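Right, one structure below, let's go through it.
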Amino acid sequence: MGDRVRRGAGMLLATAALCTAALFACAGNNAVKTFAQAAQEEAAAAMPSPVPGPLAGLTVAVDAGHGGYDGGAVGRVSGTPEKGLNLDVARRVQRMLLEQGAGVVMTRTDDYALCDENPPIRKKLQDMQRRAAIITEAQADMVLSIHMNEYAGRSQSGPQVFYRDDCPAGRLLAGALQEAMIEGLSPSRRRTALSGDYYILTLGVPSALVECGFLSNKQEEALLLTEEYREKVARCIVQGVIDWAALPGEKPEPLEAVDRSDEPRAEADGGESEEKTGKGE
């Protein structure tokens, strides 16, 4: 069953890549708006049927952070941007969640940003709004946002999970994920889940932003650049979801979604502040 799901997911990803190439071939680089809209529809539709398992009935939104013009953090030694590593881990998480019975919706399935070329608002803000729309339209029960960390000091290391400020539902999920990553990765720095002010965590469902490791740390960067370690990271994330689902008792209700309809409009790109407001400690 797992092999059939993987083959199906692979065909979907291949189809998505062909559609992307066709869009650019037909309309050129100025077709960013059409591409972004198609990307949303593609991500919402490319959700293979789940199989029976411990996560049956759960729909998880897997958000690969950054993409396209926005590379995110950069490896201190290799210069590798996090956007591709995020997507690779996200795809692995998708595959494993499907094998455990969950439904999965991806906010992006290739290297693109979900924004127009010249939007009336900041590019990053539009990107985040469109990610939120995909998650909301799919009626996801949970959000997992995948990232890589960085810090000015090169000694910082270890996975770090964030949840929405003052949200017991997010704290419970983030705690389960953090413990699973400590158990499975045995990092030298055993971090605890922390609250943070992140756009993707304010959609009204249990949510966590997972910083898989520090690209600013030479040793951890080397690990994150290997497929074996990224597979291990993905497995830990999915185990955290399984552990969360198995917790006894009724789970706390998430905070209501934040209304962002009055976000300020600006021509300049606002960087990544709408996605992540801080890294490191």
Side-chain angles (χ1 to χ4, degrees), residues 54-55 58-66 72-73 82 85-87 89-94 96-97 100 102-108 128 131-132 134-136 138-149 158-185 187 190-214 224 230 232-247 251-258 272 274-281:
L55 300 181
L58 184 71
T59 298
V60 182
V62 180
D63 171 59
H66 306 279
E82 71 167 293
L85 300 175
N86 296 342
L87 182 59
V89 172
R91 284 171 172 166
R92 295 171 190 273
V93 169
Q94 177 196 33
M96 295 177 192
L97 285 171
Q100 297 301 318
V104 182
V105 60
M106 303 284 283
T107 58
R108 71 177 178 98
M128 296 308 299
R131 290 171 193 259
I134 290 171
I135 293 167
T136 301
Q139 298 182 321
D141 303 303
M142 173 188 295
V143 175
L144 300 174
S145 190
I146 310 300
H147 290 265
M148 303 291 152
N149 218 335
Q160 176 73 73
V161 185
F162 290 93
Y163 58 90
R164 181 179 175 183
D165 289 329
D166 300 318
C167 182
R171 182 169 61 246
L172 189 68
L173 173 61
L177 291 166
Q178 188 76 61
E179 286 302 313
M181 297 187 81
I182 290 173
E183 177 69 23
L185 301 176
R190 298 171 63 91
R191 296 174 177 272
T192 59
L194 298 175
S195 64
D197 181 18
Y198 301 115
Y199 189 118
I200 202 69
L201 304 182
T202 63
L203 305 183
V205 296
S207 308
L209 188 149
V210 182
E211 299 276 12
C212 300
F214 283 78
L224 290 165
R230 294 196 300 274
K232 197 173 181 180
V233 167
R235 189 178 303 115
C236 291
I237 293 171
V238 174
Q239 185 59 54
V241 176
I242 294 172
D243 294 344
W244 169 86
L247 290 172
K251 294 179 176 62
E253 290 293 320
L255 298 179
E256 292 184 2
V258 174
E272 69 167 0
E274 289 85 17
E275 182 167 19
K276 299 197 286 184
T277 59
K279 294 183 176 183
E281 294 286 36

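Residue numbers count from 1 along this sequence. Quick caveat: nothing in here was measured; it's all calculated off a predicted structure.
- Considering only heavy atoms from C-beta on, R108 comes within 4.5 Å of R131 through its side chain.
- Annotation: the span from Y163 atom OH to L194 atom CG amounts to 7.0 Å, rounded to 0.5 Å.
- In this structure, E256 CD and C167 SG are separated by 11.5 Å, a value rounded to the nearest 0.5 Å.
- In terms of the side-chain hydrogen bond (donor to acceptor under 3.5 Å, both in side chains) criterion, S207 has no residue partners (sequence neighbours excluded).
- Distance check, rounded to the nearest 0.5 Å: CG of L224 to CG of L85 gives 7.0 Å.
- By the side-chain hydrogen bond (donor to acceptor under 3.5 Å, both in side chains) test, T192 pairs with no residue at all, sequence neighbours left out.
- Panel note: side chain R164, backbone L203; no donor-acceptor pair is recorded below 3.5 Å.
- When all heavy atoms of G204 and P254 are compared, the closest pair comes out as O-CG, 3.3 Å.
- The two residues K251 and L247 have their closest heavy-atom pair at NZ-O, 3.7 Å.
- Taking the side-chain contact (heavy atoms from CB on, under 4.5 Å) definition, one finds that P252 meets it with P168, A169, L172, sequence neighbours left out.
- Between atom CD1 of residue I146 and atom CE of residue M106 there is a gap of 9.0 Å, rounded to the nearest 0.5 Å.
- Counting only distance, with no hydrogens or angles, the side chain of E82 and the backbone of A73 share a donor-acceptor pair below 3.5 Å.
- For D165, the side-chain hydrogen bond (donor to acceptor under 3.5 Å, both in side chains) partners two or more places apart in sequence, or in a different chain, are S195.
- The backbone N or O of Q178 sits nowhere less than 3.5 Å from a side-chain atom of Q160 that would complete a donor-acceptor pair.
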Handout entry: CA sep, side-chain torsions, deciding dist, call: I200, L209, side chain to side chain contact (heavy atoms under 4.5 Å, CB included)
Key = CA-CA 8 Å; I200 202 69; L209 188 149; 4.2 Å; yes
| L177 and V210: side chain to side chain contact (heavy atoms under 4.5 Å, CB included), yes or no, with the steps? | CA-CA 8 Å; L177 291 166; V210 182; 4.2 Å; yes
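- With rounding to the nearest 0.5 angstrom, the NE2 atom of H147 is 10.0 Å from the CG atom of N149.
- Considering CG of D63 and CE of M128, their distance stands at 6.0 Å, rounded to 0.5 Å.
- One N or O on the side chain of N86 and one on the backbone of M148 form a donor-acceptor pair closer than 3.5 Å.
- Here R230 pairs with D88 under the salt bridge (Lys or Arg N to Asp or Glu O under 4.0 Å) rule; sequence neighbours left out.
- Not counting sequence neighbours, T136 has no partner by the side-chain contact (heavy atoms from CB on, under 4.5 Å) test.
- Shown here for T107 and I134, the closest heavy-atom pair between the two residues is O-CD1, 3.5 Å.
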Report task. Just do the side chain to side chain contact (heavy atoms under 4.5 Å, CB included) check on L201 and V143 with the steps written out, would you? Result -> CA-CA 7 Å; L201 304 182; V143 175; 5.5 Å; no
Return all side-chain donor-acceptor pairs below 3.5 angstrom for residues 233-246, not counting sequence neighbours, or 'none' if the list is empty.
| unit_1 | atom_1 | unit_2 | atom_2 | d |
| --- | --- | --- | --- | --- |
| Q239 | NE2 | D243 | OD1 | 2.8 |

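- For the pair V105/V62, no side-chain contact is recorded, criterion being any heavy-atom separation below 4.5 Å from C-beta on.
- A 4.5 Å side-chain heavy-atom check between M142 and V205 finds every atom pair outside the cut-off.
- Minimum heavy-atom separation, I182 to P187: O-CD, 3.6 Å.
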